[in-house]
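Here the structure comes first, spelled out in structure tokens, and everything after it is commentary.
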There are 2 protein chains.
Amino acid sequence: MANKEITIKDVARLAECSPTTVSRVINNSDHPVSKDTEDKVKAAIKKLNFSPNRIAQGLKSDKSNIIGVIVHDICDSYFAEMVKGIEEFISGHEYIVNIYNTSRSVEKEVHAVNMLKANRADAIVFAGGALMDKEYEQKMYTIIEQLKAQGTILLGITPHPFEINNISLGNKTAAKIVTEHLLENGHRKIAFIDGPKNLYTSFLRREGLKDKLMENGLTLPDELIFDGDFSFEGGRKAALKLMDKIDQITAVLAANDATALGLIWELNNQGIKVPADISVVGIDDLPEAKYSYPPLTTVSLPIYQLGTNIGKYLLENLKEKKNSKFNSIDLKLIKRNSVKDIS
Amino acid sequence: MANKEITIKDVARLAECSPTTVSRVINNSDHPVSKDTEDKVKAAIKKLNFSPNRIAQGLKSDKSNIIGVIVHDICDSYFAEMVKGIEEFISGHEYIVNIYNTSRSVEKEVHAVNMLKANRADAIVFAGGALMDKEYEQKMYTIIEQLKAQGTILLGITPHPFEINNISLGNKTAAKIVTEHLLENGHRKIAFIDGPKNLYTSFLRREGLKDKLMENGLTLPDELIFDGDFSFEGGRKAALKLMDKIDQITAVLAANDATALGLIWELNNQGIKVPADISVVGIDDLPEAKYSYPPLTTVSLPIYQLGTNIGKYLLENLKEKKNSKFNSIDLKLIKRNSVKDIS
DNA sequence: TTGTAAGCGTTATCAA
DNA sequence: TTGATAACGCTTACAA
């Protein structure tokens, strides 16, 4: 910017009319404009290749057209797919998709929300699971209240510890579904590779496993819970730790697919056969899940579709103002070849 | 937005001073403000949890703080890494990172640039390779000129067919480096899996291979060029086509790692051993390249670092206004186990 | 040290 | 059918 910007006034001058008239033409206003001037204005716009300054429009209309999307890690296929789905739906409709990558840091997430507030974002999507942290909850609380007072649309994917429109993805259910599958295949001694400790999503998936085990009179001993961080690398490290207890288990549920994939890779690397020696399941159904050795049995959370549903929801609530409901997604067990029937 | 927004006036009222004074406090203005009023203003800001409306600030300062990043496919690790690098550097500094996912469509890319122009973006990064398309060039030309007149910082990663600051990534050189490696290992019959036809990057990498072959008195026959699209799936499909000509070649260069990975996967799937039966190399050094079977030999383009370099460049040129230079990245051959020495 | 007023590029209101 | 004017929230001369 900084230099000379073409404004509505320049157009008005060229079309020999007032800025008001130009505005009316731009916005297809109901207010009548003669065909003649309309043509002149359009010609001028074309000639100058003018586009109205949306910043100024935003100031006037009290809308920024900014949609904030707060993500934990854009390099994680899970978030990349979701963002792509959102973008696909949104960017075509003159909204700005503003990404924040928080690496699950409280500080960065608070910063992101503050920025979005300062920029008067029309909507904010908390795309990642909530952080389980008192400081986080406290800091967020007041900002969220204010955002709500300003009329910002707030959407939480997965339950968040503040009152916004929280969409349940069925994390607990997803864990139950794969656990059930393991159980049906005769597995009783099941280990768990955890997600990030401070993440509510990890908690939910862990609970799903525990609940399903409990329903069947089984338990998840603490020593069969291994650290993880939702990443491929985390899965690899877990595999190394898991080796010691390999004779105590027949199957392992990884908190997400990325972890499961890393786990399988390192297990292979260590000469342990999946599923012959040990069965592995994940959660998410990432695109790459079908290309591991063996292909990963998992639960599909159709993330891209979730993204387009988010986009649709946002668009409807921002534009048409009607209080449209969110289309939730379906979970589905995806059987591939990483589970052995030992029953 | 839409409802009641807290403004500088509210703060002024509470602090019993003028909006001007509040503004001075907010901006740490040189203009003197008494310690007493400063404290009162700060207290009021805190009490109201006020943050200045950056849209309004932007209108005044003729800055939007928007940085547009146009990407081909955010689900491609290549772009995800780059965006993460940019974001990491930028979002901490009160800029808005505005993502567009174009799927290499001329229409979408033009739309993205028009949106960015309408939003008076301070900078635009053309993160993906240029599209080779006459219509694209024409449509872009005038917009680019205008953007330049407005003072927008324009950065092209890889050469683009319009005059902006184009950063060469050394695509041609990268292809030469891996080709050289193949040659050193005794390979003479080398196939190529192409990238998207309309992409300049594909062209450059193909040329690199051809040039290096030519230097050694070799050629790349047309029937040894297989279609691809820079994706894992594309690599898989290419593998199936390649099967017919398997006896005519000893090695294959995939236009990028994603392709190479898909290729290797499908080759394995078809019972063809890499590198025993055929050697495979890629370009990019994606994070997942070291986890294929066998781990992929490739050329590293440190993409995340490229992203942070982009962020740094943008920040320096936007804030300090000094005409800082772009830090280019280094290419490096990454030898892993997908190439067999047959010399 | 403080404040008034004009203006950034738009659009809504009102008048002509 | 057209246009002057005020206003959106903020900053920047200019005055006091």
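Each chain gets a letter, A, B and so on, in the order its sequence line appears, and its residues count up from 1. What's counted below: heavy atoms across the whole structure, side chains too, no hydrogens, waters or symmetry copies. In this text the structure is predicted, and so the values were computed from the model without any measurement.
Overall bending of the helix from C:dT1-D:dA16 to C:dA16-D:dT1, expressed as the angle between end axes built from five pairs apiece, is 50° (10° steps).
Across the interface with DNA chain D, nearest-nucleotide mapping of A:Glu16 and A:Leu59 shows A:Glu16 to be the residue nearer the 5′ end. Mapping A:Thr7 and B:Pro32 onto DNA chain C via the closest heavy atom, the residue that lands nearer the 5' end is B:Pro32.
Contact annotation: the side chain of B:Asn27 approaches that of B:Gln57 to within less than 4.5 Å [non-hydrogen atoms, C-beta and beyond].
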Tell me, for nucleotides 11-16 of chain C in 5' to 3' order, what letter each nucleotide earns: B for a base near a protein heavy atom under 4.0 Å, S for only sugar-phosphate near one, - for neither?
-> BB----

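Sorted pairs that involve residues 81-120 of chain A and meet ring-ring contact (aromatic ring centres under 6.0 Å, His included), not counting sequence neighbours, are lacking altogether.
Inspection of the B:Tyr136 and B:Asn198 side chains reveals no N or O donor paired with an N or O acceptor under 3.5 Å. A donor and an acceptor atom, one from each side chain of A:Glu87 and B:Asn101, are nowhere located under 3.5 Å apart.
The distance between atom CZ of A:Arg54 and atom C1' of C:dC8, rounded to the nearest whole Å, is 18 Å. For B:Glu5 and D:dC10, the CD to C1' distance is 11 Å, given to the nearest whole Å. Atom CG in B:Asp36 sits about 11 Å away from atom P in C:dT1, given to the nearest Å. One can place CG of B:Asp39 at 11 Å from P of C:dT2, the figure rounded to the nearest angstrom. Following rounding to the nearest Å, B:Leu48 (CG) and D:dG9 (C1') show an atom-to-atom distance of 15 Å. Atom CG in A:Asp62 sits roughly 20 Å away from atom P in C:dG9 (whole-Å rounding). Rounded to whole Å, the distance from CG on B:Asp30 to P on D:dT12 is 11 Å. Atom pair A:Asp10:CG and C:dT10:C1' shows a separation of 13 Å (rounding to whole Å applied).
Residue A:Thr37 is in sugar-phosphate contact alone, with no base atom involved, counting any heavy-atom pair closer than 4.0 Å across all strands shown.
Between A:Asp73 and B:Lys84, at least one side-chain nitrogen of the basic residue sits less than 4.0 Å from a carboxylate oxygen of the acidic one, meeting the salt-bridge criterion. Salt bridge annotation for B:Asp39-B:Lys42: absent, with no cationic side-chain nitrogen under 4.0 angstrom from a carboxylate oxygen. Taking the charged nitrogens against the carboxylate oxygens, B:Glu88 and A:Lys108 do have a contact shorter than 4.0 Å, which makes a salt bridge. The pair B:Glu145-B:Lys148 meets the salt-bridge criterion, since a charged nitrogen lies less than 4.0 angstrom from a carboxylate oxygen.
How far CG of B:Asn119 is from CD1 of B:Ile66: 4.5 Å, rounded to the nearest 0.5 Å.
OP1 or OP2 of C:dT4 has not a single side-chain nitrogen or oxygen of B:Ser18 nearer than 4.0 Å.
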